[in-house]
Q: 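A single structure is presented below for examination.
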Protein chains: 2
Amino acid sequence: MDLKEIAKQIGVSTATVSRVLNDQPGVSPEVREKVLKAAAEANYRPNPLARSLATSKSQTVGFVVHKEKYAFSDDPFYPLILSGVEDYLTQNGYHILITLLDEKEKQVQKLPIIDQHLVDGLILAGPFIQASSIMNVASTGIPFVLVDNVLSQYPVNCVLTDDEGGAYAGVHHLITDHHHKNIAFLSGPQEWISNRERLRGYERAMQESGLEARVIHAKETTIASGESMMRQALERWQDLNAVYGVNDSVAIGAIRAATKHGRKVPGDIAVMGFDDISWAAASQPSLSTVKIFTQRMGYLAAQCLLNSIQQPGLPPTKTLVTTELVIRESCGCQEK
Amino acid sequence: MDLKEIAKQIGVSTATVSRVLNDQPGVSPEVREKVLKAAAEANYRPNPLARSLATSKSQTVGFVVHKEKYAFSDDPFYPLILSGVEDYLTQNGYHILITLLDEKEKQVQKLPIIDQHLVDGLILAGPFIQASSIMNVASTGIPFVLVDNVLSQYPVNCVLTDDEGGAYAGVHHLITDHHHKNIAFLSGPQEWISNRERLRGYERAMQESGLEARVIHAKETTIASGESMMRQALERWQDLNAVYGVNDSVAIGAIRAATKHGRKVPGDIAVMGFDDISWAAASQPSLSTVKIFTQRMGYLAAQCLLNSIQQPGLPPTKTLVTTELVIRESCGCQEK
DNA sequence: ATCATTAACGTAAGCGTTTACATCAAAATT
DNA sequence: AATTTTGATGTAAACGCTTACGTTAATGAT
């Protein structure tokens, strides 16, 4: 059932039918009515491929993310982002083509979906895509937005969590509400923007209160690395009151290590994390943390992308999503 | 840069160029050579949309999964499936259009990607899609395969884990290697095929050894429901030696509850789970479990789907993926 | 009454492929 | 040598839309 048939049926041209179906002006109300009726009766669905070929718009966006981080991580961070993206895009009649990146795939702009003009825009998720690769994408002129990543050299559309503010709030809570002074920060790889920003938030909070920053670094942000960092911290600073984990996995590892060392959490040592993954509530003691609105990030990214697609030439936007303090047991609030 | 241009460049028709590019016979080696060279030099990429319009094949498959289970679950089960799917499909030049299902969306066959012929086939993941919906999809004639689900009334392509066999092996380990006799099974919703099959495996193992089956049911398979079931089990059976959780979250909940009740795991009570999620190794004690090859399931599903697409009329296939016993601390092996 | 403007609609040329069919020369058959 | 077969290639329609442009008649301005 195609345009031509329904045009023939009511004795108008395909152009008129097309106009009606695309809500374009230049067709009388009566004819419009007739077309709409015939289309509905015939249960007509325009062929998106033919439309795409004619308009060179696919009504499809690409979602690109690192395979390893996407599927093999402890918590479904990127799937949640995708879920938010999907919400907004399907509401607006767009489809999602997903591409998972291997380690080796450096040349993002060579991806089939881009190279073959299968998508109208791109969402590039995660800080694991090379800056040079992103620049290459930018130079193709295709609209795109970064999620959980930025480009320092160059202004681009991006959506990020306010990691600095979140970490600041968390540390501030330990300082102000619990009067802790000796607070260590268990960090992670500094190439990731989130880890850098969270560290900055911690440093600002400490500095504002005239406290000394105590930072331990690691190459990973897992339970194991959290345990390892906590052991180092306990050894190095005998007077430790509290630790702040760069994310929940690290914090949970820290609780483990502290407990094994015979320190009670939160009695002897308070612990806080970042992310609010689903296991945070199930930890023992349950983990106080800073919640990030992962799904919302995806939603906003999709919104930003559609804006860019539909209004070319818009200046790049940087969107920060605020966080929320989630108080549970591990910071010590329940003990007061 | 289109077909016509490169045809003109070397003085042949577009038909010939098309034949060469599609590896079709009827072109002399010399001309073929010339075309290939010109195409390479011009860095020519066929326009997939035009091709799809002409052939009515999109080289794209749809991946459909329940949004809630996809993104909000404790462990990235469906993302892993997707990753496996992606592996096989990209290897074969196919793209993936993803659709996340809301609660309310009952009419899978009405999804835009199907209705608008945007995909050549479908992967329907998870046991949350109504059987009637699946039948509707089947009646459209579009090739599809179920992952982590089956249709009892009707033979269809599906890929499943050998849940029955896995659970049998796990329980058998508790019986034979640890000489436990009083083993309870902490179950989950019976609508899910996996839960049913795991229960069956447990029952078979118990029966074969002449032991009495002890089953607790719950509406969920979370840590909380695991704790709750364990409390019930401990109350009901004083002589309990071991419990088998229908999945790792339940098993971890069971460990919690047992510990809170003053029972040592695995000393007083052995615990085993199913899935081998990433938190299983990090649990305390670390969880003995049955590993499922999630990514492989996706890979096989994709393979099955492409077979169906490329060779229409193939009879439906049911693929069972075997499991693997993962021995850690919670079953008691390390204590011997 | 004349001309310019506008609204409604049709015509047809794309969009970039594939492919059934036609053509033609060369090779094979008789 | 005449005829058939074969293989290589070209022609053009088709896929199902969109849209620039042309046509016509009605409206408004002078």
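Please read these numbers as outputs of a predicted model, since none were measured by experiment. The chains referred to below are lettered A, B, ... by the order of the sequence lines, with proteins before strands, and numbering in each begins at 1.
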Q: Just verifying a value: how many Å separate Q303(A) CD and L305(A) CG, rounded to the nearest 0.5 Å?
A: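 It is 11.0 Å, given to the nearest 0.5 Å.
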
Q: Atom NZ of K34(A) and atom P of dA8(C): how far apart are they, to the nearest Å?
A: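 Going from K34(A) (NZ) to dA8(C) (P), I get 15 Å.
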
Q: In whole Å, I'd like the distance from the CD atom of Q59(B) to the C1' atom of dT17(C).
A: 14 Å

Q: Counting heavy atoms from C-beta on, name the nucleotide in dG16(C), dT11(D), dC17(D) closest to the side chain of S13(B).
A: dT11(D)

Q: Pick the closest DNA chain C nucleotide for V27(A) and for A50(A) by heavy atoms, then say which residue is nearer the 5' end.
A: V27(A)

Q: NA contact type, P48(B), heavy-atom cut-off 4.0 Å: base, sugar-phosphate, or nothing?
A: nothing

Q: Is there a side-chain contact between Q24(B) and the phosphate of dT19(C), meaning an N or O under 4.0 Å from OP1 or OP2?
A: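 It does, given that an N or O in the side chain of Q24(B) lies less than 4.0 Å from OP1 or OP2 of dT19(C).
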
Q: Quick check for you: among dG16(D), dG10(D), dT18(C), whose closest atom lies nearest to any side-chain atom of T55(B)?
A: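 So the side chain of T55(B) is nearest to dT18(C).
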
Q: Only one of D148(B), T161(B), N149(B) forms a side-chain hydrogen bond (donor to acceptor under 3.5 Å, both in side chains) with S194(B), so which one is it?
A: D148(B)

Q: Tell whether R45(B) reaches the base of dG16(C) with its side chain through a donor-acceptor pair below 3.5 angstrom.
A: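 When only heavy-atom distances are counted, R45(B) does not reach the base of dG16(C) through any donor-acceptor pair under 3.5 Å.
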
Q: Look at T16(A) and dG10(C) and indicate whether a side-chain polar atom (N or O) is within less than 4.0 Å of OP1 or OP2.
A: yes

Q: For the side chain of D2(A), starting at C-beta, report the closest nucleotide among dC17(D), dG16(C), dC9(C).
A: dC17(D)

Q: Taking atom P of dT19(C) as reference, at what distance in whole Å does atom NZ of K57(B) sit?
A: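 Taking NZ of K57(B) and P of dT19(C), I get 11 Å after rounding.
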
Q: Please tell me which of the listed nucleotides, dT11(C), dG16(D), dT18(C), lies nearest to the side chain of A54(A)?
A: dG16(D)

Q: Begin from the C-alpha positions of K57(B) and D120(B) and carry the test salt bridge (charged side-chain N to carboxylate O under 4.0 Å, His left out) through to its verdict.
A: CA-CA 6 Å; K57(B) 304 250 165 240; D120(B) 296 342; 5.8 Å; no

Q: To the nearest Å, how far apart are N47(B) CG and dC15(C) P?
A: 11 Å

Q: So which heavy atom on L300(A) is nearest to which on V159(A), and how close?
A: C-CG2, 4.1 Å

Q: Are any of R51(A)'s side-chain N or O atoms less than 4.0 Å away from OP1 or OP2 of dT18(D)?
A: yes

Q: First locate atom OG1 of T90(A), then atom CD1 of I98(B), and finally report the distance between them rounded to the nearest 0.5 Å.
A: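 Separation between the atoms: 11.5 Å.
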
Q: Whole Å only: how far is the CD atom of Q116(A) from the P atom of dT17(C)?
A: 11 Å

Q: Measure the distance from NZ on K4(B) to C1' on dG14(C) and round it to the nearest whole Å.
A: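 Taking atom C1' of dG14(C) as the reference, NZ of K4(B) is at 8 Å.
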
Q: Nearest-Å distance, CG (D23(A)) to P (dT19(D))?
A: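 Rounded to the whole Å, the gap is 14 Å.
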
Q: Between Q295(A) and S83(A), is any side-chain donor less than 3.5 angstrom from a side-chain acceptor?
A: yes

Q: Need to verify one output field. Residue with the more 5' nearest nucleotide on DNA chain D, P25(B) or N22(A)?
A: P25(B)

Q: Between dG16(C), dC9(C), dG10(D), which nucleotide gets closest to the side-chain atoms of L53(A)?
A: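 Closest of the options to the side chain of L53(A): dG16(C).
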
Q: Nearest whole Å is fine: how far is dT18(D) C1' from I6(A) CD1?
A: 15 Å

Q: Between L21(A) and R19(B), name the one whose nearest nucleotide on DNA chain D is closer to the 5' end.
A: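 Mapping each residue to its closest nucleotide by heavy atoms, the 5'-most match is R19(B).
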
Q: So what does S18(B) touch, heavy atoms closer than 4.0 Å: a base, only the sugar-phosphate, or nothing?
A: base

Q: Which part of the nucleic acid, if any, lies within reach of E30(B) when heavy atoms closer than 4.0 Å are counted: base, sugar-phosphate only, or nothing?
A: nothing

